[in-house]
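Accompanying notes for the structure given below.
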Amino acid sequence: MIEMLAYALMALGVFCSLVGGVGLIRFPDVYTRLHANTVLVVGGVMVLLLATAIFAHTWSFSVKAILIAVFLFITNPVGAHAIARAAHRSGVPLWKESVSDALREEAK
Amino acid sequence: MKKTSAGALNKRLKSPLQLNLSGDCTEKTRLVVAFLVLWVAWILFTISLDPQELAVGALISFIVAWLTAPFLFRHPPIRQLRLSRIFNALIYLPTYLIAEIRAHLKVIYLILHPRMPIRPGIVKVPTALKTDFGITALADSITMTPGTLSVDVKESEPALYVHWIDVKSTDPQTTSAQVAKPFEKYLSEVFG
């Protein structure tokens with residue numbers, strides 16, 4: 001039963017990783033690609049780590065897998081925010097069909 | 001049968017407990033907190049109580065804590081420990097998880113749609129949260145849900161600039177209600 005849950009989580013994680021990878025290629029600019037990156041990290045890697053933690057034979061292995069997931073949970077939003085902020089500050093343009101840029105209007 | 005609404009329960013839980021964290025954090029407090037967090041993480045990673053491992057971990061934790069302590073939090077995350085904070089933090093977890101799953105489905109749909117119907121843009125999202133920890137928690141929650149990404153913070157207002165993959169409105173009131181409100185109503189109780 002618990003193994004079925006782990007298999008289901010693995011399938012979900014692999015699916016999210018694939019979709020996130022496709023999104024990284026298909027999306028047009030830095031900012032939209034970071035959204036695909038979030039799908040990849042949260043839906044892909046973290047779910048896979050959770051499945052690993054369930055599958056693990058020793059509890060020390062599970063603790064490590066969950067700890068890595070927690071670190072990703074803490075560092076991923078900070079990293080994504082830093083990349084987006086640095087990109088905007090250094091003048092990376094938004095996609096040409098973007099609707100609004102409140103941050104640029106504010107700076108003027 | 002007695003009915004208790006969440007609001008009434010909130011009010012009842014508002015009375016402070018014993019712990020009172022007034023005043024700012026000193027350099028020493030920050031160093032000790034950083035050291036303990038790092039050391040516990042080290043012990044969990046190595047999973048051994050071998051004296052050599054503990055000693056090396058303590059040494060490295062101390063060096064990292066000493067280097068990073070000046071950049072850490074200046075105020076304690078909360079001033080008073082109240083039951084309402086714990087209560088709201090516990091409700092926040094499932095709320096956040098549901099928001100996360102819904103956002104994932106939305107972005108997966110956008111990625112796989114042949115014509116990719118996205119309307120990206122940066123919008124301004126005013127927030128009612130005032131503390132550093134509250135704003136950080138909100139910005140992190142927004143960034144962690146796919147579809148919204150915090151690009152910058154304006155601390156004076158306070159407001160977040162959020163890159164939204166499917167802009168529904170650029171009006172600050174509407175963006176606040178759609179992007180920040182689901183998280184904000186619990187976070188303001190937890191950190192407010």
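Chain letters run A, B, ... following the sequence lines, proteins first and then strands; every chain starts at 1.
Contacts between residues 26-33 of chain A and chain B, defined by a heavy-atom separation under 4.5 Å, are made by A/R26, A/F27, A/P28, A/Y31, A/T32. For residues 84-94 of chain A, heavy-atom neighbours of chain B at less than 4.5 Å comprise A/A84, A/R85, A/H88, A/R89, A/L94, sorted by residue number.
Residue A/D101 holds its CG atom at 8.5 Å from NE2 of B/H163, rounded to the nearest 0.5 Å. For the atom pair A/S98 OG and B/I118 CD1, the distance stands at 7.5 Å (nearest 0.5 Å).
Your options are B/V167, B/D152, B/T46, B/V107, and the one with the most heavy-atom pairs under 4.5 Å with chain A is B/D152. The choice from B/T170, B/V153, B/V151, B/V162 that makes the most heavy-atom pairs within less than 4.5 Å of chain A is B/V151.
Counting heavy atoms from C-beta on, the side chains of A/V99 and B/W164 never come closer than 4.5 Å. Using a 4.5 Å cut-off on side-chain heavy atoms (C-beta onward), A/S100 and B/V123 make contact. In this structure, B/R119 and A/E97 have side chains that are not in contact, with every pair of non-hydrogen atoms separated by 4.5 Å or more. With contacts defined as side-chain heavy-atom distances shorter than 4.5 Å, the pair A/T38/B/T145 does not qualify.
Contact of B/T148 with chain A is made through the backbone alone, with heavy-atom distances under 4.5 Å. For B/F45, the parts sitting under 4.5 Å from any heavy atom of chain A are the backbone and the side chain alike. Both the backbone and the side chain of A/V22 come within contact range of chain B, judged by heavy atoms closer than 4.5 Å. Both the backbone and the side chain of A/F73 have a heavy atom closer than 4.5 Å to some heavy atom of chain B. Contact of B/I47 with chain A is made through the side chain alone, with heavy-atom distances under 4.5 Å. Within the 4.5 angstrom heavy-atom criterion, atoms from both the backbone and the side chain of B/S150 approach chain A. Heavy atoms closer than 4.5 Å to chain A are found nowhere in B/I101, neither backbone nor side chain. Proximity to chain A (any heavy atom under 4.5 Å) is shown, for B/A103, by neither the backbone nor the side chain.
Across A/A80 and B/L149, no two heavy atoms sit closer than the pair CB-CD1, 3.9 Å. Counting all heavy atoms, side chain and backbone alike, A/H35 lies closest to B/P146 at O-CB, 4.0 Å. When all heavy atoms are compared, the tightest approach of B/P120 to A/W95 is CG-CE3, 3.5 Å.
Residue A/I54 is not grouped with residue A/L49 when hydrophobic side chains (ILVMFWY) are merged at heavy-atom distances under 4.5 angstrom, including chains of intermediate members. In the hydrophobic clustering of ILVMFWY residues, with side-chain heavy atoms under 4.5 Å counting as a link, A/I74 and B/F35 come out apart. Linking Ile, Leu, Val, Met, Phe, Trp and Tyr residues whenever their side-chain heavy atoms come within less than 4.5 Å places B/L138 and B/F191 in a single cluster. Under a hydrophobic clustering in which Ile, Leu, Val, Met, Phe, Trp and Tyr are joined whenever their side-chain heavy atoms come within less than 4.5 Å, directly or via other members, A/L48 and A/V42 fall into different clusters. There is a path of hydrophobic side-chain contacts, each under 4.5 Å, that joins B/I63 to B/W39.
For the 3.5 Å distance criterion, the side chains of A/H81 and B/T143 fail to qualify, holding no donor opposite an acceptor.
Environment of NZ in B/K154: crowded, with over 12 heavy atoms of neighbouring residues, nucleotides or ligands closer than 6.0 Å.
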